[in-house]
Number of protein chains: 2
Amino acid sequence: MVNEGPGSGIPDIVIGRLPIYLRALNRMLQEDKEYTSSHDLGQRLGISSAQIRKDLSHFGEFGKQGTGYNVSYLYEQIRHILQVDRQWPMAVVGVGDLGRAIANYRGFVPRGFRVVSLFDADPAKVGDRIGDLTVLSFEVMTTEIKRQGVQVAMVAVPAEAAQQVADQLVEAGVRAILNYAPIMLAVPEDVHVQYIDPVIHLQRMTYYLKP
Amino acid sequence: MVNEGPGSGIPDIVIGRLPIYLRALNRMLQEDKEYTSSHDLGQRLGISSAQIRKDLSHFGEFGKQGTGYNVSYLYEQIRHILQVDRQWPMAVVGVGDLGRAIANYRGFVPRGFRVVSLFDADPAKVGDRIGDLTVLSFEVMTTEIKRQGVQVAMVAVPAEAAQQVADQLVEAGVRAILNYAPIMLAVPEDVHVQYIDPVIHLQRMTYYLKP
DNA sequence: CTAATATTGTTCAACCATTCACATTTAGAC
DNA sequence: GTCTAAATGTGAATGGTTGAACAATATTAG
Ligand SMILES: NC(=O)c1ccc[n+]([C@@H]2O[C@H](COP(=O)([O-])OP(=O)(O)OC[C@H]3O[C@@H](n4cnc5c(N)ncnc54)[C@H](O)[C@@H]3O)[C@@H](O)[C@H]2O)c1
Ligand SMILES: NC(=O)c1ccc[n+]([C@@H]2O[C@H](COP(=O)([O-])OP(=O)(O)OC[C@H]3O[C@@H](n4cnc5c(N)ncnc54)[C@H](O)[C@@H]3O)[C@@H](O)[C@H]2O)c1
């Protein structure tokens with residue numbers, strides 16, 4: 001995975017915090033909160049106010065001294081920076097228990113993503129309807145992804161199949177993969193991969209669970 | 001969330017990498033690989049060999065110069081450090097699509113965790129059987145968690161309910177929470193929380209997806 | 001209009017994490 | 001046995017991130 005966008009010298013760790021800010025701002029919008037401050041935001045997130053100001057300063061000046069930030073304005077600015085002020089069509093590969101939960105999840109659309117196709121290698125599952133999508137066969141994946149211009153995919157297949165799936169996704173033009181299989185993927189430099197493995201998080205906590 | 005176990009000065013970021021090492025070592029075991037080296041392991045994980053050696057050096061000397069690490073020995077040592085050389089009983093709160101996928105997931109047991117109880121507030125779901133577990137009502141949660149000595153829980157309820165659920169989990173004695181709801185939880189200092197939100201990961205990648 | 005308060009954006013110092021480099025040890029070849 | 005190649009564990013050097021502090025500016029109250 002690449003660490004920095006070409007040309008922009010903004011640390012990846014900063015980019016990684018923007019979605020967290022965005023989520024908090026969205027919540028504030030729901031609460032009809034009009035203004036916030038770096039202190040207020042930081043409090044909610046367990047992040048220092050200095051860090052929030054510093055992070056934002058990489059991209060411009062979004063606040064007003066004495067007043068703080070207009071929630072809705074800052075929200076839109078960060079959406080723009082992260083390019084989630086649009087809808088990214090997304091493919092889900094592997095329609096097991098997890099893939100099904102993902103396919104049904106209503107939380108993607110309001111945040112910039114829409115699942116537009118589902119793929120599974122199991123012939124018994126091909127043809128199943130989930131929501132308003134039909135599960136397609138692994139064979140048509142490349143064609144279909146190219147046809148729809150999908151650049152973002154989620155992988156929810158068993159670990160053994162994940163690398164092969166990733167290879168084919170990359171070949172089809174996918175540039176960002178969210179991998180649920182508990183295995184590291186080898187991909188070209190310009191393809192981004194993020195990982196979700198709940199066990200990793202759990203094991204990180206048990207270390208501290210001394211009696 | 002606390003950043004360090006009391007008394008141990010080991011950086012949390014180091015603890016956070018141990019589960020990743022563990023996962024890779026487990027994979028090597030499956031491949032009947034007897035020895036590995038910091039270089040080999042690092043290669044697979046995209047981490048420098050120096051970092052791996054330094055991380056491990058916090059806990060002892062597990063390798064042999066010239067030879068590297070015995071996979072199975074290192075595996076056991078890290079399992080012990082993380083306290084996953086036992087089975088942590090775990091509760092899942094919220095048996096929607098995601099909670100169901102978690103409850104059915106066979107990947108927890110081999111890595112130190114076992115789902116022992118399921119809770120949901122929806123009366124229509126209480127009584128449902130999932131695998132060999134029955135969904136219990138939210139009302140009996142505290143009692144049941146105390147009875148089973150559960151210290152680890154996963155939260156898969158809507159964001160609006162998550163804080164209330166967390167409060168009750170803490171009250172029941174839970175000390176580690178893995179939260180899938182897209183919201184930050186306020187918990188006492190000595191309770192650990194980890195978060196999983198796929199959208200955060202996706203948004204982090206779209207930043208780099210310039211045409 | 002002035003003073004008091006709040007808050008930003010930014011500089012700089014302190015801190016933390018990563019990498020380098022090497023002495024040391026081991027295994028294996030000859 | 002001796003030599004070579006491989007690899008560890010660690011102290012020192014480097015690089016990156018965070019937090020404290022502050023000048024500048026806006027708002028509010030009197
Ligand atoms: N269920 C969970 O809560 C959970 C949690 C963490 C991680 N995971 C991981 O997510 C992945 C999926 O988990 P799951 O519980 O849904 O498993 P599952 O076995 O229910 O589903 C896997 C699906 O992938 C399909 N598949 C297999 N090979 C394929 C291929 N080459 N191309 C396309 N589809 C293929 C299978 O037909 C199946 O439908 C696994 O790697 C698992 O380790 C699951
Ligand atoms: N499905 C996904 O792929 C996915 C992905 C990311 C995050 N999430 C998050 O995970 C959570 C669950 O997602 P889901 O898709 O399973 O939602 P869901 O609506 O299918 O399930 C939520 C369940 O929680 C139960 N519930 C509500 N309030 C409760 C309470 N106070 N105590 C106990 N149970 C309660 C509901 O009865 C329901 O069964 C949500 O916060 C969602 O945002 C889901």
Side-chain angles (χ1 to χ4, degrees), chain A residues 1-5 8-21 24-25 28 33-75 77-78 81 204 207, chain B residues 1-5 8-21 24-25 28 33-75 77-78 81 204 207:
Chain A
M1 206 205 52
V2 260
N3 244 12
E4 288 188 8
S8 101
I10 294 162
D12 181 58
I13 195 162
V14 173
I15 305 301
R17 278 190 294 263
L18 295 185
I20 297 171
Y21 300 163
L25 289 166
M28 289 179 185
K33 200 172 145 106
E34 201 170 347
Y35 280 90
T36 185
S37 66
S38 57
H39 183 80
D40 177 37
L41 195 50
Q43 195 109 68
R44 292 201 185 210
L45 299 175
I47 290 176
S48 83
S49 61
Q51 177 138 89
I52 289 172
R53 293 198 301 278
K54 169 79 69 87
D55 284 352
L56 296 177
S57 77
H58 282 102
F59 305 96
E61 310 197 349
F62 306 116
K64 223 162 39 173
Q65 284 159 335
T67 319
Y69 304 91
N70 176 293
V71 173
S72 139
Y73 177 73
L74 184 56
Y75 179 71
Q77 292 300 310
I78 297 181
I81 293 164
R204 184 178 186 154
Y207 172 79
Chain B
M1 203 205 55
V2 262
N3 243 11
E4 286 188 8
S8 102
I10 295 161
D12 181 60
I13 195 162
V14 173
I15 305 301
R17 278 191 294 262
L18 296 184
I20 298 171
Y21 300 162
L25 290 165
M28 289 178 184
K33 200 171 147 106
E34 202 170 348
Y35 281 89
T36 185
S37 66
S38 57
H39 183 81
D40 176 37
L41 193 51
Q43 195 109 69
R44 294 203 183 208
L45 299 175
I47 290 177
S48 82
S49 61
Q51 177 138 89
I52 289 172
R53 293 199 300 279
K54 174 138 293 188
D55 283 353
L56 295 177
S57 77
H58 283 101
F59 304 96
E61 311 199 348
F62 305 116
K64 221 162 42 172
Q65 284 160 335
T67 319
Y69 303 92
N70 176 294
V71 173
S72 139
Y73 177 73
L74 184 56
Y75 180 71
Q77 293 299 311
I78 297 180
I81 293 164
R204 184 177 187 154
Y207 172 80

The test is side-chain contact (heavy atoms from CB on, under 4.5 Å); show your working for A/Leu56 and A/Ile78 and say whether it passes. CA-CA 9 Å; A/Leu56 296 177; A/Ile78 297 181; 4.1 Å; yes

By the definition side chain to side chain contact (heavy atoms under 4.5 Å, CB included), identify the one residue from A/Ser37, A/Ser38, A/Ser48 that meets it with A/Arg53. A/Ser38

Would you mind telling me which of D/dG11, D/dG9, C/dT26 lies closest to the side-chain atoms of B/Lys64? C/dT26

Worked verdict on B/Val14 versus B/Lys54 for side-chain contact (heavy atoms from CB on, under 4.5 Å): CA-CA 9 Å; B/Val14 173; B/Lys54 174 138 293 188; over 6 Å; no

For C/dT26, does either OP1 or OP2 sit under 4.0 Å from a side-chain N or O belonging to B/Thr67? no

According to side-chain hydrogen bond (donor to acceptor under 3.5 Å, both in side chains), who are the partners of B/Lys33, at least two apart in sequence or on a separate chain? B/Asp40

I would like to know whether B/Ile10 and B/Phe59 meet side-chain contact (heavy atoms from CB on, under 4.5 Å); could you show each step before the answer? CA-CA 9 Å; B/Ile10 295 161; B/Phe59 304 96; 3.2 Å; yes

Tell me: CD1 of A/Ile52 to P of C/dG9, nearest whole Å? 12 Å

Establish, with yes or no, whether the OP1 or OP2 oxygen of C/dA21 is under 4.0 angstrom from a side-chain nitrogen or oxygen of B/Arg53. no

In whole angstrom, what separates B/Lys54's NZ from D/dG15's C1'? 14 Å

In whole angstroms, the gap separating P of D/dA7 from CD of B/Gln43 amounts to 11 Å

Please report the distance, rounded to the nearest Å, between OH in A/Tyr73 and P in C/dT8. 15 Å

For A/His58 and D/dT17, give me the distance from atom NE2 to atom P, rounded to whole Å. 9 Å

Please classify the nucleic acid contact of B/Ser38 as base, sugar-phosphate, or nothing, using heavy-atom distances under 4.0 Å. sugar-phosphate

Could you tell me which residues satisfy side-chain hydrogen bond (donor to acceptor under 3.5 Å, both in side chains) with A/Gln77, sequence neighbours excluded, listed by chain and number? none

Measure the angle between the two terminal helix axes of the helix from C/dC1-D/dG30 to C/dC30-D/dG1, five base pairs each, and quote it to 10°. 20°

In this structure, how many angstroms lie between the C1' atom of D/dT18 and the CG atom of A/Asp12, rounded? 17 Å

Closest approach to the side chain of A/Ser37, judged atom by atom: which nucleotide of C/dT8, D/dG9, D/dT17 is it? C/dT8

Would you mind reading off the distance between B/Ile13 atom CD1 and D/dG16 atom P, rounded to a whole angstrom? 14 Å

Under-4.0 Å side-chain N/O to phosphate OP1/OP2 contact, B/Gln65 with C/dT24: no

Out of D/dT10, C/dT18, C/dA17, which nucleotide sits closest to the side chain of B/Pro11? C/dA17

Quick one: NE2 on B/His58 to CD1 on B/Ile81, what's the gap to the nearest 0.5 Å? 11.5 Å

Counting only side-chain N and O atoms of A/Tyr69, is one of them less than 4.0 Å from OP1 or OP2 of C/dG9? yes

B/Gln51 has an atom CD; how far is it from atom P of D/dG16, in whole Å? 14 Å

